[in-house]
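Just follow the structure's listing: the first ligand is 1, and inside any ligand the first atom is 1.
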Amino acid sequence: MANSASGLQSLPPLQRVLVVGSGGREHSLGWALSRCPGIEQVWVSPGNGGIPERTEGQTQTFSKLPLSEGDRDGLLQHCRSASVDLVVVGPEAPLAAGLADHLRAAGLAVFGPGADGAQLEASKAWAKQLMDEAGIPTAGHWAISSANEGLALLEQLQRPLVVKADGLAAGKGVTVATSVTDTASAIREAFGGRFGSAGDRVVLEECLQGPEVSIFALSDGERMVILPPAQDHKRLLEGDAGPNTGGMGAYAPAPLLDAEGLETVRRQILEPTLQALRDREIDYRGVIYAGLMLTANGPQVIEFNCRFGDPECQTLMPLMGPQLAQVLQACAIGRLDLAPALTIRSDCSVCVVVAAAGYPDAPRKGDPITSQLEAGASHQLFHAGTRLNEQGILVSSGGRVLTMSAQGSDFDQAFAAAYEALAKVTFEGMQYRRDIGHQVRRA
Ligand code: AMP
Ligand code: GLY
């Protein structure tokens, strides 16, 4: 398996896949994988209220398992007893905690980096050092370990800075300050325990300007396949106002980067990153997610993540060709050279996230969700924070509740399809942005 892949002439059989996670990202990954030819069964664990339970005696290709992301031994046991051929780990926390290492050590093919590679996301200071050493364009920065150190630096620089908790803070560890006073407050706050141990160290950065774009490279440790650029919408409210969120909607391919621009990103950012990982003897098998800002001086890295973006994944999965499962498997065993070329539909794909009342600060849970939606070829409803309650009623159970994805021959058509479908889904207090994709819509 993973450890004896070097002499292989073709990919091993691939029928059963386990996706670890419970969000819209994992729902869309499981959905896309279950549509690949030859795939008999996809489990998503722990999944969500939109993924069916497996019923005894029935053959279902797509179902959930009740094992949490942290239940390494339970997941391993399932992989063994159900002869799982490929594990795809969705979120960053289990990757940073070494889930991929644990499963790989037992001989499984795992798509997702080990804890060493996951530092790309789990430690901003580590990632920054790697970028500096590899000459990867990124904002100027300073790693500081006390508020006083940061305040002294600020005193010298006398300009607003971006303040980032070093560790994983679920996308909430960043303040883009607009004044020196705000920067000082953010530094004090970051060391004040707000981010737990993620805030023991803080990175200060120069503030960059330009549109943001998310790039995903599927890597086998040596080679990579780059997916179409996607653009997320981080702010809660229309007009890109309000607090930062995990992401409120996305579209792809984002015209911000054409083929030439993408080639520059490959050459200046992705290839050097993979090389720098290899130089550290890190065999990175999974997604390198580069969050870029397209500045007047070219693309610069804002952050790296070690997984697919959520909700970007929900726009990209519907575009993936039938080779997706084999491509992820080939990455997992370090043999992308054995995979068929991944075809990507040329459609425009979009998604709109529906969040609960009170999101992002205090999302309300337990609101019943009703839907008059009929299955359609041009839209997909991916669940995230949903569950079936004791009465079997679908209710909200988290901040980001649903993602509606849709495709069309242009962005106007795709967004019209997404919003039309979304009008058929309701729950009390639901909130979503009507202006997702304002950058590319004419209507
Ligand atoms: P991160 O969690 O690192 O992705 O940061 C969250 C958001 O903060 C990014 O999506 C950007 O909008 C913003 N941001 C982060 N770093 C910078 C920077 N150096 N300059 C300007 N904006 C930034
Ligand atoms: N959509 C942003 C993220 O997944 O981090």
Chemist: Would you say Asp310 and ligand 2 have an N/O pair spaced under 3.5 Å apart?
Modeler: yes
Chemist: Have a look at Asn305, Leu204, Val176, Asn244 and point out the one with the heavy atom closest to atom 13 (C) of ligand 1.
Modeler: Val176
Chemist: Which of parallel (below 30°), tilted (30 to 60°) and perpendicular (above 60°) describes Trp31 and Phe382?
Modeler: perpendicular
Chemist: Any idea how Tyr251 and Phe415 line up, ring-wise: parallel (<30°), tilted (30 to 60°), or perpendicular (>60°)?
Modeler: perpendicular
Chemist: State, with a plain yes or no, whether a side-chain heavy atom of Arg235 is found less than 4.5 Å away from one of Arg433.
Modeler: yes
Chemist: Is Gly291 in contact with ligand 2, taking contact as a heavy-atom separation below 4.0 Å?
Modeler: no
Chemist: Does any non-hydrogen side-chain atom of Ile39 lie less than 4.5 Å from one of Val17?
Modeler: yes
Chemist: Check each atom of ligand 2 against the heavy atoms of Pro311 and keep those under 4.0 Å away; list them by number with element.
Modeler: 1 (N)
Chemist: Check this for me - ligand 1, Leu208, N or O atoms closer than 3.5 angstrom, yes or no?
Modeler: yes
Chemist: Would Asp232 count as being in polar contact with ligand 2, using the rule that some N or O on each side must be under 3.5 angstrom apart?
Modeler: yes
Chemist: Considering only heavy atoms, which of Glu205, Glu212, Arg235 lies nearest to atom 19 (N) of ligand 1?
Modeler: Glu205
Chemist: Measure the distance from atom 5 (O) of ligand 2 to every protein heavy atom, then report the residue, atom name and distance (to 0.1 Å) of the closest one.
Modeler: Arg307 NH2, 3.0 Å
Chemist: State whether the number of non-hydrogen atoms from other residues, nucleotides or ligands found under 6.0 Å of Gln158 atom CD is greater than 12.
Modeler: yes
Chemist: Any ion pair linking Arg400 and Asp310 (charged N to carboxylate O, less than 4.0 Å)?
Modeler: yes
Chemist: Below 4.0 angstrom, N of the basic side chain to O of the carboxylate: do Asp412 and Arg442 qualify?
Modeler: yes
Chemist: Would you indicate whether the side-chain heavy atoms of Asn48 and Ser397 approach each other to under 4.5 Å?
Modeler: no
Chemist: With nothing but distance in play, are any N or O atoms of Glu312 less than 3.5 Å from an N or O of ligand 2?
Modeler: yes
Chemist: Between the side chains of Arg201 and Glu149, is the shortest nitrogen-to-carboxylate-oxygen separation below 4.0 Å, so that they form an ion pair?
Modeler: no
Chemist: Looking at ligand 2, would Ser214 count as a contact under a 4.0 Å heavy-atom criterion?
Modeler: no
Chemist: What do you reckon, does Gly247 put a non-hydrogen atom under 4.0 Å from ligand 2?
Modeler: no
Chemist: Considering the heavy atoms of Cys207, write down every atom of ligand 1 situated less than 4.0 Å from one of them.
Modeler: 20 (N), 21 (C)
Chemist: Going by the atom numbers of ligand 2, which of them fall below 4.0 Å from some non-hydrogen atom of Gly309?
Modeler: 4 (O)
Chemist: Under a 4.0 angstrom heavy-atom cut-off, which atoms of ligand 1 come close to Met293?
Modeler: 21 (C), 22 (N)
Chemist: If you count the atoms of ligand 1 from 1 in the order shown, which ones are under 4.0 Å from a heavy atom of Glu206?
Modeler: 18 (C), 19 (N), 20 (N)
Chemist: Between Arg278 and Asp283, is the closest basic N to carboxylate O distance under 4.0 Å?
Modeler: no
Chemist: So Phe62 and His27, would you call those rings parallel, tilted or perpendicular, with 30° and 60° as cut-offs?
Modeler: tilted
Chemist: In terms of atom number and element, which parts of ligand 2 are under 4.0 angstrom from non-hydrogen atoms of Gly246?
Modeler: 1 (N), 2 (C)
Chemist: Can you list the ligand 1 atoms lying under 4.0 Å from a non-hydrogen atom of Lys164?
Modeler: 3 (O), 15 (C), 16 (N)
Chemist: Determine whether any heavy atom of Gln209 lies closer than 4.0 Å to an atom of ligand 1.
Modeler: no
Chemist: Taking NZ, NE, NH1 and NH2 as the nitrogens, is one of them in Lys164 or Glu303 under 4.0 Å from a carboxylate oxygen of the other?
Modeler: no
Chemist: Nearest to atom 5 (O) of ligand 1 by heavy atom, Val174, Val162, Thr175, Val301: which?
Modeler: Val174
